[in-house]
Every structure is written in C-alpha cells, then in structure tokens.
Amino acid sequence: MATATLRLQSPPTPPLDRHHLSTPRRRRHHLSTPHRRRHRTTLTFRAFSSLSPSPSPSPVLSSVTTFAPATVANLGPCFDFLGAAVDSLGDHVTLSLSPSSHHLTISHISGAPSLSLDPLLNCAGIAALAALKRLGIRGMGLTMTLQKGLPLGSGLGSSAASAAAAAVAVNAMFGGRLTETELVMAGLESEAKVSGYHADNIGPAIMGGFVLIRSYEPLDLVRVRFPEDKELVFVLVSPEFEAPTKKMRAVLKGEIGMEHHVWNCSQAGALVAAVMEGDLVGFGKAMSGDRIVEPKRAPLIPGMEAVKRAALEAGAFGCTISGAGPTAVAVVGEEEKGREVGERMVEAFARVGKLKANATVARLDGVGARVVGSKPL
C-alpha cells in the first residue's frame, strides 16, 4: 500500500522585499481589557490532516475582516519553542470576493508602504495562498487589503501577525474548515520565506495565549494555560532601530557548551511551570536568565543592557529581548507599575542607546487571530 509523508518544507520562491524597512511609529499606552478564552485546557494539536479537503468549499461570505495580535517570542531561554500573544497591538486584513478576477490580489497596504503588493512576495499573500491550497481552492478571485498596526522589524511578530490574519480570513471566507494546526502550518510557509522556519510567533498569533512548540516534524503545538484569576502585564518598549530577524539569527552560534545547554533547559522548564502556576516572580526570573541567545543579540541593540537593568531596578519581575529585537519586554503584575517601568526603559534607551523609543502596556491575548467583521453573500 502506498503511503504519503507530509514534510513541512516550502518550495523555493523569489526573494521577498525586505519586510523590515520602516521606522516604528510612536504609540501611546494601550490599556484595553484582556481578551479571555473560557474553560481552556492544555491541548496538543498534531498535523496529520489532509492538505486538500474534498470537496472544495464554496465561499460563505462576500467579505471578511480579521485581526491578529502582536506576539512575544523566545521569552528569554525558550528560543524558537515558546511565544505569547499580547493584546492591543496587531494587524488587520480584509478579504473580499472579486468576481472579475480568477486569482488573489493585494489592492492596498496601509502603515507599511515598503511592502510588496505581489502576493508571492508578501507575508499575508503567501499565507493566504497556502490556506487556499490546503482548502483545495483554485481559480477564485479574491482581493486583499492589509492594515499594518505593528512596526516592521520590531521583534513583535509583525510578519506573523500579517500571515495569521490572512490565513484566518481565507478560512472564514470558506466556512472555517481548517484546524488551528493547519492555519499555523499555512502561516509557517510565510514565516519560512521571511525570517526562518519557526512557529513561536505564528503559533500564538493564531491560537492566542502561550504556545509551546513540542516539535516541528510533525508539527506539535501545546497551549500552555496561564491562570485566568491571575494578572500578567507586559511592558513593550520599541526603539527607533531596525533589527531584521535574519540578521539577528545570523549572529547565533550553531553549537553551544553543555553547561549553557543545561542552564537554559532548566530556565525554560522553570518558566513554563511559572506560567501554569501564575507565578510572576518565577516567570520573570527565568525570563531574564538566558545565557545563549540574549548575550549575542543584546550588544547589537544600542542601550539594551542598560534598558534591562533599568526595568529590573524599577520593579519589573523580568526583562529580555522580544523575539529578535529590538523591542525589550518586561513583565509586571499591574498596569500602573507597567507605565512606571516603561518610562524608565524609554529613558535608558535615550540616555545610553541614544535612541527614541515608545512604551506600550499590554495584557495576554487569550484569543489569537479572529474575525472582527464580515458581510454575508
């Protein structure tokens, strides 16, 4: 009997325009009410479903608008296998039927004029095409617009937010047949072409909350539940400085010493345990303890070491680089403290790094990418 093996590899495509070109815009504090998902449990999703559901679905909406949140990846010692979604910040995608066409087009992008309108060279376009392929849809005329709410090259999962919003928009347009894992896999095709094959941004961008990647082949995702009766506040401080993910990954060593391996594994285990227990002190301590990735990247971000020191001295439980940077992320237990910590971090970026920066106070987004508007046929 013949068997087929699903391999998570993307075919070669033309190189993308650099996704990280513009200067981050200044933002005010965002103190919105956290999005909560009720009765969530720790679940594992495995990627064994078909790439082409049959029969091919028909559209159920004439247009749909989706939102996908910003994400904080790595969280210190958890390089490439743990990330979290944060509220208030993110990207919007609107997808509409286009009867006069027989393919996907991107008609407009706001907030990032440097991005390509070619779907094959755009994060949202690549993810949308991957989702259409998984649904078995061909020759369908669709028009997409992308509203960037995240600065490019910020370490907040900008490309993942675009990809997540696009994949979820396609899925909603055709009746929501794809699973969360299939949506993540569609987003991974986009991420692989932009910054590398890693799911610690696209996973939480689609699923919400904390998401741990147990393995990549097969893709195995675990939702790690933070107690709903506990408070968790992120302080995100983004300087006006570009840190392309590919460049920041290039400085990392291919091999590490056993001592650092053991240390980082212990910190990663402690961090996951702290998340599940709602232990902010333990979370912050583990988050600040990376000895492998942060020491290589921090010197490339002007003032980063001083910013981390300022956050801890101001009362943050922990601080590290968000994703590949340059955004610094700190953890506190209340919004007022978050504003105070954010001010000290902004001052440190200006004083030591000679960089302007803006601070955002956000909470955990427990929902992930979702539909925020739609029109029936």
Side-chain angles (χ1 to χ4, degrees), residues 10-11 13-14 16-17 19 49-69 90-113 115-150 158-191 193-194 202 205-208 367-377:
S10 303
T13 61
L16 274 75
D17 291 348
H19 187 76
S49 53
S50 170
L51 286 177
S52 300
S54 182
S56 177
S58 298
V60 298
L61 300 170
S62 63
S63 71
V64 60
T65 298
T66 55
F67 169 83
D91 289 358
H92 288 84
V93 161
T94 297
L95 188 68
S96 304
L97 294 178
S98 181
S100 61
S101 173
H102 298 285
H103 56 274
L104 173 69
T105 61
I106 300 176
S107 62
H108 180 70
I109 298 174
S110 63
L115 297 183
S116 175
L117 293 175
D118 185 342
L120 296 176
L121 304 177
N122 181 282
C123 302
I126 296 169
L129 291 170
L132 288 168
K133 181 179 179 181
R134 290 180 177 278
L135 288 166
I137 296 170
R138 298 177 181 176
M140 180 69 67
L142 297 168
T143 299
M144 176 189 298
T145 64
L146 171 61
Q147 180 182 345
K148 290 295 300 177
L150 291 174
S158 178
S159 61
S162 297
V168 169
V170 168
N171 195 38
M173 175 74 76
F174 294 94
R177 295 194 178 191
L178 297 180
T179 66
E180 282 185 320
T181 297
E182 290 172 315
L183 290 170
V184 172
M185 292 171 72
L188 266 176
E189 293 193 33
S190 174
E191 289 287 83
K193 293 176 174 63
V194 176
I202 192 66
I206 286 176
M207 298 168 61
V367 179
R370 62 261 195 188
V371 174
V372 296
S374 63
K375 293 181 181 180
L377 286 173

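In this text the structure is predicted, and so the values were computed from the model without any measurement. Side chains are part of it too, since the values below use all heavy atoms of this structure and drop only hydrogens, waters and symmetry mates.
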inquiry  = Just to verify, what does Pro119 make a side-chain contact (heavy atoms from CB on, under 4.5 Å) with, not counting sequence neighbours?
reply    = Leu104, Ile106, Leu129

key: side-chain contact (heavy atoms from CB on, under 4.5 Å) partners for Ala164, two or more places apart   = Ala68, Ile202, Ala205, Ile206, Ala369

key: Candidate pair Ser110 and Lys148, rule side chain to side chain donor-acceptor pair (under 3.5 Å), full reasoning   = CA-CA 6 Å; Ser110 63; Lys148 290 295 300 177; over 6 Å; no

key: Test log, rule side chain to side chain contact (heavy atoms under 4.5 Å, CB included), inputs Leu178 and Val170   = CA-CA 10 Å; Leu178 297 180; Val170 168; 5.9 Å; no

Between [X] (side chain) and [Y] (backbone), is there a donor-acceptor pair under 3.5 Å?
X	Y	answer
Ser98	Leu142	no
Asp91	Leu150	yes
Arg370	Gly368	yes
Ser101	Gly141	no
Ser116	Asp118	yes
Ser56	Gly136	yes
Glu182	Thr179	yes

message = Could you tell me if the side chain of Val93 sits less than 4.5 Å from the side chain of Thr145, heavy atoms only?
response = no

Looking only at heavy atoms, which two atoms of [X] and [Y] are closest? And how far apart?
X	Y	answer
Ser63	Met173	CA-CE, 4.0 Å
Ile109	Ala112	CG2-O, 3.7 Å
Leu61	Pro376	CD2-CA, 4.1 Å
Ala165	Thr66	O-OG1, 2.7 Å
Lys193	Ile126	CD-CD1, 3.7 Å
Ala161	Pro69	CB-O, 3.9 Å

inquiry  = Between Leu95 and Thr143, does the side chain to side chain contact (heavy atoms under 4.5 Å, CB included) criterion hold? Intermediate values first, please.
reply    = CA-CA 6 Å; Leu95 188 68; Thr143 299; over 6 Å; no

inquiry  = His92 vs Val372, test: side chain to side chain contact (heavy atoms under 4.5 Å, CB included). Steps then yes/no.
reply    = CA-CA 9 Å; His92 288 84; Val372 296; 4.1 Å; yes

With rounding to the nearest 0.5 angstrom, report the [atom1] to [atom2] distance, [X] to [Y].
X	Y	atom1	atom2	answer
Leu115	Leu121	CG	CG	11.0 Å
Leu146	Asn122	CG	CG	6.0 Å
Arg134	Met185	CZ	CE	4.0 Å
Ser159	Glu191	OG	CD	3.5 Å

inquiry  = Taking side chain to side chain donor-acceptor pair (under 3.5 Å) as the definition, give me every residue that meets it alongside Thr94, ordered by chain and number, with sequence neighbours left out.
reply    = Thr65

ask   = Hey, mind stepping through Phe174 and Leu132 against side chain to side chain contact (heavy atoms under 4.5 Å, CB included) and telling me if it holds?
value = CA-CA 9 Å; Phe174 294 94; Leu132 288 168; 3.9 Å; yes

